[in-house]
Protein chains: 2
Amino acid sequence: MRPSIKEVATLAGVSIATVSRLLNHPGTVSAETAARIQHSIAQLGFRPNFTGRNLRAGSSRTIGVVLPTLANTVFAQCLQGIELAARVLDYSVMFTTTEYHPADESAAVELLLGHRVDGIILTVADASASPTLDLLERERIPFVLTYNQLPYAQADAAARASVSVDNRVAACDAVNHLMAAGHRRIRMLSGCFNESDRAVQRYLGYLDAMRAAGLEPLPPIQLAMHTTTTAADYQQMLSSPRLRPTALFCSNDMLALNAMRDLRALGLSLPQDMSVMGFDGIPIGALVEPVLASVVQPSEQIGEVALRTLVGLLERRGIGLVAPGDGGRHVLAHDIRSGTSVRPLAGT
Amino acid sequence: MRPSIKEVATLAGVSIATVSRLLNHPGTVSAETAARIQHSIAQLGFRPNFTGRNLRAGSSRTIGVVLPTLANTVFAQCLQGIELAARVLDYSVMFTTTEYHPADESAAVELLLGHRVDGIILTVADASASPTLDLLERERIPFVLTYNQLPYAQADAAARASVSVDNRVAACDAVNHLMAAGHRRIRMLSGCFNESDRAVQRYLGYLDAMRAAGLEPLPPIQLAMHTTTTAADYQQMLSSPRLRPTALFCSNDMLALNAMRDLRALGLSLPQDMSVMGFDGIPIGALVEPVLASVVQPSEQIGEVALRTLVGLLERRGIGLVAPGDGGRHVLAHDIRSGTSVRPLAGT
DNA sequence: ATGAAAGCGCTAACAT
DNA sequence: ATGTTAGCGCTTTCAT
């Protein structure tokens, strides 16, 4: 067993209370005893046990993070942002994944609650109907959603905190970008709607843009996986020349890159035979050729803001205040990255 | 404050010991009381507090993970592998980043030790001279290195556990692959050597291959950042037509993709004017055009094996056995992904 | 300035 | 089958 505060106290010839004081309120201990205690600490290689401290304090200075998967770069960036910000504020991060399975969300949260994390940052499949969020609310544990975009707060309901871009508007902007390049027959390729409310919002944005332009929206192609495709997904779309789109708007960049690979495998030249636009703006998209046109969301910043918001909630609660009415519903600015994956159409 | 085992006991009209028994050794409790306790648990929304349990047990069923950055996909994949495997074995994961700064490694580990994680999985700058690893060893806390490749165990020294590919051999294979395509003037583009012992090993592999082929190795181009470049990095290399390489071997894929972007910006056509090969085999490399030739290391598997190895160490220690002589020095198989980013040279 | 003691939630002897 | 109790490491009154 590692040395505890008790061994240090004994070695220094003081009581454990004095050691604790030196650790937590230096200055309330005389210089002489302080030195003696420091010496004992060094000699024993003592390291305060957070478990004891946490048990006593009822808080762990640890936050939980629940994301769908790290296979999608966008979430890796977000976690990176969270971790960096947490480190600055002296919080630790416990991390879990759901693989996009709503069922895993509750399990993940249950585990984190068992560890008594102070708060949770999470991305759920559907924020507007999530037993997991209800649980969190019932347990009164502060949480901040990332990527999930909440409806504006009802007058009666307490607003939940969230950090995201405006997915619907952003998707609309993307489709407008395609239309500005002369595209009319635009089809959406999307991850499974009931595993991602973002995908739904982005599809709605697609509808908005198409309708505003007086164009007939095409039915979305929904995929089983969020970031992977099979050639079969395109057969139907490509088979009918009349229905064949000139541009594909994908609900995320990984999907867009996969689609591009598949289309090339089917013999198409990009962007000559098909324009592709993504969503997320992952850094790699800007490195490849053709450059992937995309909606850039500031993922690392989303993580950072989420963490700061959460910590804000935690400290505020410490002071005894309730979360303010509008919680922290952060809608960050998105940006359109034009890229050579979108070909301007002749006759525009 | 949340309900504790005490409230449950009171409500059910039993002692806390009985509640604890039901939780940990069901079957030693009569069906009738069990039902009564379950009812109280549900009614109170009781959830066992791991902090109390951990303090008592002296172990947390939590492992710490320290990686350089998630901005490099390869580490995101590794963490993904760790998390998945941890979840299966019912371990939680506390995650930290070092940004490649050796100084941050110790700080990260100190924090994890404070939390009393049962073990640590980490990637350090230089495993052969790491105060952090020495600390871990002194504290007798089980750990497994990922990506860091250890020298074969000395007879006297206790072997450290590690999971990696054979970086030197893999790099040699990569350069041989380039040479098989007819390249002779091959230059290495690398992350900072003293922030990555892998980069050093890979450079050594480069030297091996060049020398074995009777070719004069070129000096490596070392970059300040591991995954980012600036056009200036190439000026010198490209300025002298006589010294201009036909192929670039990059110490990681992110770097390779950055380099390709930069070279294109400088007006080169790829792979016509320059062949590029990477290292890591990140999934995206296979999606882009030209396909990025690379050394594929099984990153997610590296994470999974690391976790299983660590848990093996933990459980074994529980039984009272010491770690075996060869620890777990796992060298996983790598694979060469040929890609169109390498152009076969005429006159081969 | 320092010490004594209670208690955070839990488990495992040790009783009964 | 169940209860009593000590104690994991720590912080914090309350005394002194």
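Order of the sequence lines sets the chain letters (A, B, ...), proteins ahead of strands, with each chain counted from 1. Since the structure is predicted, the reported quantities are computational estimates derived from the model, not experimental observations.
Looking at the side chain of A:Ser15, the nearest of the listed nucleotides C:dA4, D:dT4, D:dT2 is C:dA4.
Between the side chains of B:His115 and A:Ser92, at least one donor-acceptor pair of N or O atoms lies under 3.5 Å. Looking only at atom types and distance, the side chain of B:Gln80 has a donor-acceptor partner in the side chain of A:Thr69 under 3.5 Å away. A donor and an acceptor atom, one from each side chain of A:Ser106 and A:Thr132, are located under 3.5 Å apart. Residues A:Gln301 and A:Gln77 bring no donor and acceptor atom of their side chains to less than 3.5 Å of each other.
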Between the protein and nucleotides 7-10 of chain C, list the N/O to N/O atom pairs that are separated by less than 3.5 angstrom.
from, atom 1, to, atom 2, distance (Å)
C:dG7, N2, A:Arg56, NH1, 3.4
C:dC8, O2, A:Arg56, N, 3.3
C:dG9, N2, B:Gly52, O, 3.0
C:dC10, OP1, B:Asn49, N, 2.8
C:dC10, OP2, B:Ile5, N, 2.5

Expected rows: protein N/O vs nucleotides 14-16 of chain D N/O, under 3.5 Å:
none

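We find that B:Arg160 and B:Asp134 are joined by a salt bridge, their nearest charged nitrogen and carboxylate oxygen being less than 4.0 Å apart.
Between B:His115 atom NE2 and D:dG9 atom P there is a gap of 17 Å when expressed in whole angstrom units. A straight line from NE2 of B:His25 to P of D:dA1 spans 14 Å, rounded to a whole angstrom. Between A:Glu32 atom CD and C:dA1 atom P the separation is 13 Å, expressed in whole Å.
Residues forming a side chain to side chain contact (heavy atoms under 4.5 Å, CB included) with A:Asn54 (at least two apart in sequence, or on another chain): A:Phe50, A:Ser60, B:Thr51.
Side-chain nitrogen and oxygen atoms of B:Thr18 include none within less than 4.0 Å of the OP1 or OP2 phosphate oxygen of D:dA1.
With rounding to the nearest 0.5 angstrom, the OG1 atom of B:Thr28 is 8.0 Å from the CG atom of B:Leu22. Taking CG of B:Leu79 as the reference point, atom OG of B:Ser299 lies at 11.5 Å (rounded to 0.5 Å).
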